[in-house]
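Single-structure report; data block below.
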There are 2 protein chains.
Amino acid sequence: MYLNRRDERLSKQEMGRPPKFSRDQLQAAALAIVDEQGLGALTMRSLAARLGTGPMTLYNHVADRADLDLLVVDAVLAEVTVPRRRGGWRARLEAIATELWRVMRAHPAAVPLVLTRRSRSPAVLDVAEALLDALARGGFAGRDLLVAFRSVTAFLAGFAQVELAGPLATTAGEPAGEVIARVRALPAERYPHLHDIAAAALRSDPEAEFRDGLRRFVAGLAPSGR
Amino acid sequence: MYLNRRDERLSKQEMGRPPKFSRDQLQAAALAIVDEQGLGALTMRSLAARLGTGPMTLYNHVADRADLDLLVVDAVLAEVTVPRRRGGWRARLEAIATELWRVMRAHPAAVPLVLTRRSRSPAVLDVAEALLDALARGGFAGRDLLVAFRSVTAFLAGFAQVELAGPLATTAGEPAGEVIARVRALPAERYPHLHDIAAAALRSDPEAEFRDGLRRFVAGLAPSGR
DNA sequence: ACCTGAACACCGTTCAAGT
DNA sequence: ACCTGAACACCGTTCAAGT
């Protein structure tokens, strides 16, 4: 009887206690680990330790390990602030793409996750809708819009990725000069053009490369006019 | 003395025995696991088991777990047969890109690895050089060539990735109709364009989307003319 | 030179119990 | 409703030993 009454009290007060951590707290802690120590350092146990609790506590907030990756993706994309609508559709498209590029470069270790994990959070969907809106203003619709959207996100995702893992990418901490030196050590008669761009990469910076590539890409975009 | 002589014999005969597995065998086995059971199923132990040996044996052929990922990347890219050189540079660029696209779609589970892991094997460098060669024939050189190359690989890597993990991507085994249904369950006034392309995706096929996107992209490419 | 078993530190997660 | 420790199956890798 007494126990029963106590159980009832518990079910309304102590049992219905507020969550110990908010989703924002988890996101911030998870992203901090990735930023500071790399992707490999993010584990259920490391995140729990950083929050000052045991591993099992996390299962009150995420379904499993895969959910933890989504936490990081959402944390990164939440930093995107969709720019105000002004200018033509090309300018708007460039502005959103540039903002996305900025955010990804701010969290290079998280990029593989952003490119690889599928999240349906508002943070992700809002950015997608903003890109689509810019294209729609350019006259794209239906399948035309679909293809253009896939192309733009492809370009964006790819550019971030290529800088990270392409043949000219630098490993974490490795000076760019060494990578280029390694490319130059390859047989020149077999890889003449790789030599060429390695030399160019030495004098270029990724920011400007992205801007040029993006501008050229956007300039070439046009609805099929069917 | 006798033992010494025996040791010498061993060092020339039994000790210098040929490797138990070739690199090709490791590559094929690793890729088979990924193709059949997904990325998560590839472990040192699972690969060893498939080869009928113990986990430690693998360390005679790869440096560590990360090396195992490179094995898969190289196995996939080794399937690329660079098309014969003919036609204009745009046609050639499209041909190589299409071939790469074909190979990646043949191993969808391996795509995240291909996009994310850096390999410097000839398989990878040869494809890069072929793309560069096509662009060079189009008049690109130096920094121009660098930017164009990054853009093309970006487009390619991104397109494969977007189909795999973009907002309209299907999880392994999940019918495309369900994904689209889920998008349509979103508030239409907030995501009007996502609704639009979801409907278009229902009637489209990725092959044709890639071809259209690629053609449009290549058509827009041109050296800066400085 | 190449192979291999035992052992270790670490991981995600199930289970059962606590408030 | 939310928290948590013990325990389990699994992982990559070190070590030492074998041919």
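The sequence lines fix the lettering, A, B, ..., with proteins before strands; numbering per chain opens at 1.
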### Task
Would you sketch DNA chain C in dot-bracket for me? Only Watson-Crick or G-U wobble pairs with both distances under 3.5 Å count, crossing pairs as [ ], other-strand pairs as |, the rest as dots.
||.|||||...|||||.||

## Note on the structure
From CE of M44(B) across to C1' of dC11(C) the rounded distance in Å is 16 Å

### Query
Hey, what do you get for CG (L47(A)) to CG (L31(A)), rounding to the nearest 0.5 Å?
11.5 Å

### Message
Tell me whether the side-chain N/O atoms of H61(A) come closer than 4.0 Å to OP1 or OP2 in dC3(D).
### Response
yes

### Query
Tell me, which of residues 63-73 of chain B have any heavy atom that sits under 4.0 Å from an atom in DNA chain D?
D64(B), R65(B)

### Message
For a quick test of reading the model, state the closest non-hydrogen atom pair linking K20(A) to Q25(A) and the distance between them.
### Response
O-OE1, 4.0 Å

Give every pair of a protein N or O atom and an N or O atom of nucleotides 4-10 of chain D that lie under 3.5 Å apart, one pair per line with the distance.
| from | atom 1 | to | atom 2 | distance (Å) |
| --- | --- | --- | --- | --- |
| dT4(D) | OP1 | K20(A) | NZ | 3.0 |
| dT4(D) | OP2 | K20(A) | NZ | 3.1 |
| dT4(D) | OP2 | T53(A) | OG1 | 2.6 |
| dT4(D) | OP2 | T57(A) | OG1 | 2.7 |

### Among V114(A), L77(A), V82(A), the one residue meeting side chain to side chain contact (heavy atoms under 4.5 Å, CB included) with L100(A)
L77(A)

### Task
Please state how far atom CG in L26(B) lies from atom P in dC2(C), giving the value in whole angstrom units.
13 Å

#### Entry: Heavy-atom closest pair, residues S46(A) and A41(A)
OG-O, 2.8 Å

### Task
State plainly whether the residues R190(A) and E129(B) are in salt-bridge range, i.e. N to O under 4.0 Å.
no

### Task
Write out all pairs satisfying ring-ring contact (aromatic ring centres under 6.0 Å, His included) with one or both partners inside residues 101-130 of chain A, taking only residues at least two apart or from two chains.
W101(A)-F159(A), W101(A)-F210(A)

### Task
Give a yes or no on whether the backbone of L135(A) and the side-chain of H193(B) come within a donor-acceptor separation of less than 3.5 Å.
no

### Task
Would you mind listing every salt bridge (Lys or Arg N to Asp or Glu O under 4.0 Å) that reaches into residues 56-74 of chain A, with sequence neighbours excluded?
R23(A)-D74(A), R65(A)-D69(A), D69(A)-R117(A)

### Task
Using the test side-chain hydrogen bond (donor to acceptor under 3.5 Å, both in side chains), find all partners of D24(A) that sit at least two apart in sequence or belong to another chain.
none

### Message
Salt bridge or not between R102(A) and E207(A)? Use side-chain N to carboxylate O under 4.0 Å.
### Response
no

